[in-house]
Amino acid sequence: MKIVLIDDDQLVCMSLKIILEADPSIEVAAVGNDGSEALNLYRTHKPDVLLMDIRMQNMNGTEALSQVLAEFPDAKVLFLTTFLDDEYIVKALELGAKGYIIKQNFEHIIPALEAVYSGQNVYGDEIIQKIPNLMKSADSFDYSSYGITEKEYEIITLIADGLSNKEIADKLFLSEGTVRNYLSNILEKLELRDRTQLAVFYYQHK
């Protein structure tokens, strides 16, 4: 697994590089110290995962994420930060970050990278506890105006609760393939990119 690491604290960068490369399956292809370096380093190294801090000088992580995803829509970006600011968390989720974990939990970093690399979304316990309150909206939302059926809405709520396609299939007595088809149709109707954005959308319009 090839990683590009972006953090404006050089000591943190060196420490993380040592920790990550102690795992023989991980290669830290490049290290940057500012969000403005993220896009160029991504272009050069095409990493499997971009591991990045969120609050940095000159350009923060969400701005860098926006630039990277504009050019590489399938990029997998995992935020590793000390900051639990609501604004940062919401922005990261809205833009399509694949994960947001806290630096203090060093033992979770490699498992989080592996999960993001395999296509999962990863959020630390501190983040998960915040998401429902952050995303709630007082206004009711008419999903039917987007052509969302009752079954599709049920699937949306289960995705927002964190269930996998297999878990949803078991719960609704459907095949995984059917659930995937439902999800594709939902994303197309709501003009969203992935299940993370769908969960964010649900909580914003709950």
Side-chain angles (χ1 to χ4, degrees), residues 1-10 12-14 16-17 20-21 25-83 85-103 109-124 127 131 134-135 146 159 180 183-204:
M1 176 174 28
K2 187 193 296 185
I3 306 296
V4 164
L5 171 62
I6 308 286
D7 195 298
D8 63 354
D9 186 324
Q10 293 190 8
V12 168
C13 278
M14 288 190 295
L16 281 172
K17 189 173 188 297
L20 296 177
E21 292 193 328
S25 69
I26 294 177
E27 171 198 355
V28 178
V31 173
N33 299 120
D34 186 275
S36 62
E37 297 180 71
L39 181 56
N40 285 335
L41 289 176
Y42 196 97
R43 282 176 182 152
T44 301
H45 298 281
K46 303 295 193 304
D48 296 306
V49 182
L50 174 60
L51 182 64
M52 184 162 55
D53 196 1
I54 201 161
R55 183 184 290 179
M56 295 179 285
Q57 294 182 353
N58 301 320
M59 180 183 289
N60 67 37
T62 57
E63 292 169 328
L65 171 64
S66 182
Q67 286 191 357
V68 170
L69 289 180
E71 189 166 329
F72 301 95
D74 295 328
K76 295 173 180 176
V77 180
L78 172 62
F79 281 117
L80 176 66
T81 182
T82 58
F83 299 104
D85 303 50
D86 292 353
E87 178 185 354
Y88 284 137
I89 296 170
V90 171
K91 193 68 174 175
L93 291 170
E94 287 178 340
L95 288 172
K98 298 301 182 185
Y100 194 118
I101 59 174
I102 302 304
K103 279 181 181 172
I109 296 173
I110 290 177
L113 284 168
E114 291 171 341
V116 168
Y117 176 54
S118 69
Q120 299 176 48
N121 298 309
V122 179
Y123 300 98
I127 312 303
I131 288 174
L134 290 176
M135 298 303 176
Y146 282 76
I159 287 172
R180 283 195 296 271
L183 177 56
S184 295
N185 289 335
I186 292 166
L187 294 175
E188 184 176 352
K189 289 177 181 180
L190 297 177
E191 297 183 352
L192 300 172
R193 183 168 51 237
D194 55 33
R195 62 196 300 131
T196 301
Q197 286 195 339
L198 179 58
V200 171
F201 185 93
Y202 171 77
Y203 281 119
Q204 283 181 319

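Position 1 is the first residue of the sequence; numbering continues from there. Values reported hereafter were calculated over all heavy atoms of this structure, with side chains retained and with hydrogens, waters and symmetry mates removed.
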Applying side chain to side chain contact (heavy atoms under 4.5 Å, CB included), name anything that partners [X], two or more places apart in sequence or on another chain.
X	value
A38	I6, L50, M52, A64, V68
R43	L39, N40, E71, F72
L190	Y143, Y146, I148, I156, I186, L192, L198, F201
K17	E21, V28, V31

Where do R195 and I159 land on the side-chain contact (heavy atoms from CB on, under 4.5 Å) test, with the steps shown first?
-> CA-CA 7 Å; R195 62 196 300 131; I159 287 172; 3.7 Å; yes

Quick one: do R55 and N60 satisfy side-chain contact (heavy atoms from CB on, under 4.5 Å)? Show the steps, please.
-> CA-CA 5 Å; R55 183 184 290 179; N60 67 37; 5.6 Å; no

Applying salt bridge (Lys or Arg N to Asp or Glu O under 4.0 Å) to K46 and not counting sequence neighbours gives none

Looking at every heavy atom in both [X] and [Y], which two are closest together, and how far apart are they?
X	Y	answer
D194	Q197	OD1-N, 3.0 Å
L41	A30	CD2-CB, 3.9 Å
A115	V122	CB-CG2, 3.4 Å
L65	A92	CD2-O, 4.2 Å
H45	A29	CE1-O, 3.7 Å

All side chain to side chain donor-acceptor pair (under 3.5 Å) counterparts of [X], not counting sequence neighbours:
X	answer
E114	none
S25	D23
N121	T196

Check: [Y] and [X] side chains under 4.5 Å, non-hydrogen atoms:
X	Y	answer
V49	M1	yes
L20	L113	yes
Q67	M59	yes
V4	Y42	no
I110	I26	yes

What residues form a ring-ring contact (aromatic ring centres under 6.0 Å, His included) with F79, not counting sequence neighbours?
-> none

Measure the spacing between CG of L80 and CG of L5 and express it to the nearest 0.5 Å.
-> 8.0 Å

Residues 30-39 vs side chain to side chain donor-acceptor pair (under 3.5 Å), sequence neighbours excluded, gives D34-S36, D34-N58

With sequence neighbours excluded, give me every side chain to side chain donor-acceptor pair (under 3.5 Å) pair touching residues 1-10.
-> D7-K103

Counting only N and O atoms by type, is there a donor-acceptor contact under 3.5 Å from the side chain of R193 to the main-chain atoms of L95?
-> yes

